[in-house]
Amino acid sequence: MTTQPQSPVAVTPPLPNRRNAELFLLGFAAVITTLALLLVEANQEQGLRWDLAQYTAGYLALFTGAHLAVRRFAPYADPILLPVVALLNGLGLVMIHRLDFAEGALIEHGLGGTADQQMLWTLVGVIGFSLVVIFLRDHRMLARYGYVCGLTGLILLTIPALLPRSMSEQNGAKIWIQFPGFSIQPAEFSKILLLVFFASVLVAKRSVFTSAGKHFLGMDLPRPRDLAPLLAAWIASVGVMIFEKDLGTSLLLYASFLVMVYVATDRFSWLVIGLALFAAGSVAAYYLFGHVRVRVQTWLDPFADPEGAGYQMVQSMFSFATGGIFGTGLGNGQPSTVPAAATDFIIAAIGEELGFVGLAAVLMLYASVIIRGLRTAIAVRDSFGKLLAAGLAATLAIQLFIVVGGVTKLIPLTGLTTPWMSYGGSSLLANYLLLAILVRISHAARRPLVTTQTPATPIAAASTEVIEKV
């Protein structure tokens, strides 16, 4: 008796229950955000208003929709990323609303002022997040368009420098494209596009970056002809600093490139050469360009001109001193005394009203997102995904260090915004797109491989049964 051979059967692993944990954490984030909003209202002697319940319901509906998109199209994604970002976004909304109270920008109904606009940009950002999760089925598709992303990112980065000042300059930096009624900051989006370009190039040209030249001080130095990509990144970052007066973006892009090169090659010599170029460029910029010199001198001694160039830093230091360990309480401080408290200095506002403990908690939330991103980079199976996830996580870490370091006088001020918390539509939308790509990569990293099993024939099944009995 003969049996017909049977084709292998694909065995799909069962869906995980991580999404229920994500939904629970989103509910917890909504509770914290609601309580914080009620504290602000109570300390500002405002009664419970029906419109606040509407905003809370809108917040819940918004992130529930994002959760459903992840549950349906990326079920294996990390369950921590979206809830933590939702909490950061919610706390940012509460703080911006509180600053509207201080600045008298409230209207009779609704959150009013810039909080209304930030809520609208949150809607746009979450919709963008959901669209990327739905339509970007495989993050490796981005590698096919690496050079296109790089070219587009460079174009977006250089457009403000080419526009007249009336269409691109705000607060001394030429980083905007102004339209009637609104403006965008293209560098926020070029950041993501250039990260995709860096990852694709480093994967395709890895042999160039790993080729060893001379051995010096225990390091394998790259060959001189292989330094062209690093020099190009250095020239681009210096150009942004000179022509757009944007120290933050310049430092962010260059540092992100250095980190990705180090991750791809595991050679410390690239960091040494990159940092040497950065030091040389910084010293030259200090002596050649006045705006860089003013930033450094203000950082070294803000009290030398407390009513002028150092005013913002002095007020920030007073805010941290007023907050102390436990803060003044939401709605009880005076965070509006710091210029640009809702954008560049929202960390100072949090430090005043939530204190060192509250600020440390916020930084731990950011640390959890960064750590989960790095774990995703370790777990994902393809080289492009590893580099891209590492680059996205490193960019968040570098940006947070630049922002917090500038506000706390650890490094000179740069003008970058705090991801998901500061007021600004471009920053909020770009960081939600960044989060969506990271969620997509984490789905690929955590998704089990589909295995195939050949159904056993009756004879093979009987033999197996006999062996098991023996």
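Remember, it's a predicted structure, so these values are computed and weren't measured experimentally. The first residue of the sequence shown is numbered 1, and numbering continues consecutively from there.
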Evaluate the criterion ring pair (Phe, Tyr, Trp, His ring centres under 6.0 Å) for residue pair Tyr55 and Tyr59; output intermediate values, then yes/no.
CA-CA 6 Å; Tyr55 272 94; Tyr59 177 88; over 10 Å; no

Assess whether side-chain contact (heavy atoms from CB on, under 4.5 Å) is satisfied between Leu396 and Leu434, documenting all intermediate values.
CA-CA 9 Å; Leu396 287 176; Leu434 183 152; 3.9 Å; yes

May I have the step-by-step check of side-chain contact (heavy atoms from CB on, under 4.5 Å) for Asn89 and Leu428, ending in yes or no?
CA-CA 9 Å; Asn89 195 171; Leu428 197 59; 4.2 Å; yes

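Heavy atoms only, all atoms of each residue included: Ile177 and Pro186 are closest at CD1-CG, 3.8 Å. The minimum heavy-atom distance between Pro75 and Arg19, with the atom names listed, is O-NH1, 2.5 Å. For the residue pair Ala390 and Val263, the shortest heavy atom distance occurs at CB-CG1, 4.4 Å. A pairwise comparison of heavy atoms in Met95 and Leu330 identifies CE-CD2, 3.8 Å as the closest pair. Scanning all heavy atoms of the two residues, the minimum distance from Leu37 to His97 falls at CD1-CD2, 3.3 Å. Residues Leu365 and Val84 approach most closely at O-CG1, 3.4 Å, considering heavy atoms.
Between the side chain of Ser426 and the main chain of Gln185, a donor-acceptor pair closer than 3.5 Å is present. A distance-only check finds no donor-acceptor pair linking the side chain of Ser427 to the backbone of Gly424 [under 3.5 Å]. Glu353 places no side-chain N or O within 3.5 Å of a backbone atom of Gly323 that could act as its donor or acceptor partner. A distance-only check finds a donor-acceptor pair linking the side chain of Trp299 to the backbone of Lys409 [under 3.5 Å]. When atom types are taken as modelled, the side chain of Ser250 and the backbone of Leu247 share no donor-acceptor pair closer than 3.5 angstrom. With hydrogens and angles ignored, the 3.5 Å screen pairs no side-chain donor or acceptor of His67 with any backbone N or O of Pro83. A donor-acceptor contact shorter than 3.5 Å links the side chain of Thr298 to the backbone of Val294. In this structure, Ser442 contributes its side chain and Thr376 its backbone to no donor-acceptor pair below 3.5 Å. Lys386 places a side-chain N or O within donor-acceptor distance of the main-chain N or O of Ile378, the cut-off being under 3.5 Å. At distances below 3.5 Å, not a single donor-acceptor pair connects side-chain atoms of Tyr145 with backbone N or O atoms of Val196.
Counting heavy atoms of neighbouring residues, nucleotides and ligands inside a 6.0 Å radius, atom OH of Tyr286 exceeds 12 of them. The environment of CZ in Phe303 is crowded: more than 12 heavy-atom neighbours from other residues, nucleotides or ligands sit within 6.0 Å. At most 12 heavy atoms of other shown residues, nucleotides or ligands fall within 6.0 angstrom of atom CD in Gln334. Atom CZ of Arg293 has more than 12 heavy atoms from other residues, nucleotides or ligands within 6.0 Å. Surrounding CZ of Phe73 are more than 12 heavy atoms belonging to other residues, nucleotides or ligands, all under 6.0 Å away.
Side chains of Asn20 and Arg71: a donor on one and an acceptor on the other come within 3.5 Å. Counted by atom type alone, Ser422 and Thr417 present zero donor-acceptor pairs between their side chains at under 3.5 Å. Counted by atom type alone, Glu352 and Ser319 present one or more donor-acceptor pairs between their side chains at under 3.5 Å. Donor-acceptor pairing under 3.5 Å is recorded for the side chains of Thr114 and Asp100.
To the nearest 0.5 Å, atoms CD1 (Ile184) and CD1 (Ile159) are separated by 8.0 Å. Residue Ile398 holds its CD1 atom at 11.0 Å from CG of Leu400, rounded to the nearest 0.5 Å. Here the straight-line distance linking atom CG of Leu87 with atom CG of Leu82 works out to 11.5 Å at 0.5 Å rounding.
If you run side-chain contact (heavy atoms from CB on, under 4.5 Å) between Leu157 and each of Ile175, Thr152, Thr249, only Thr249 comes through. Applying ring pair (Phe, Tyr, Trp, His ring centres under 6.0 Å) to Phe198 and the options Tyr262, Phe257, Phe384, Tyr147 leaves one that passes, Phe257.
Between Phe28 and Phe24, the distance from one ring center to the other does not fall under 6.0 angstrom.
Counting heavy atoms from C-beta outward, Asp78 and Val439 have side chains that stay 4.5 Å or more apart.
The aromatic rings of Tyr432 and Phe63 sit tilted relative to each other, their planes meeting at an angle between 30° and 60°.
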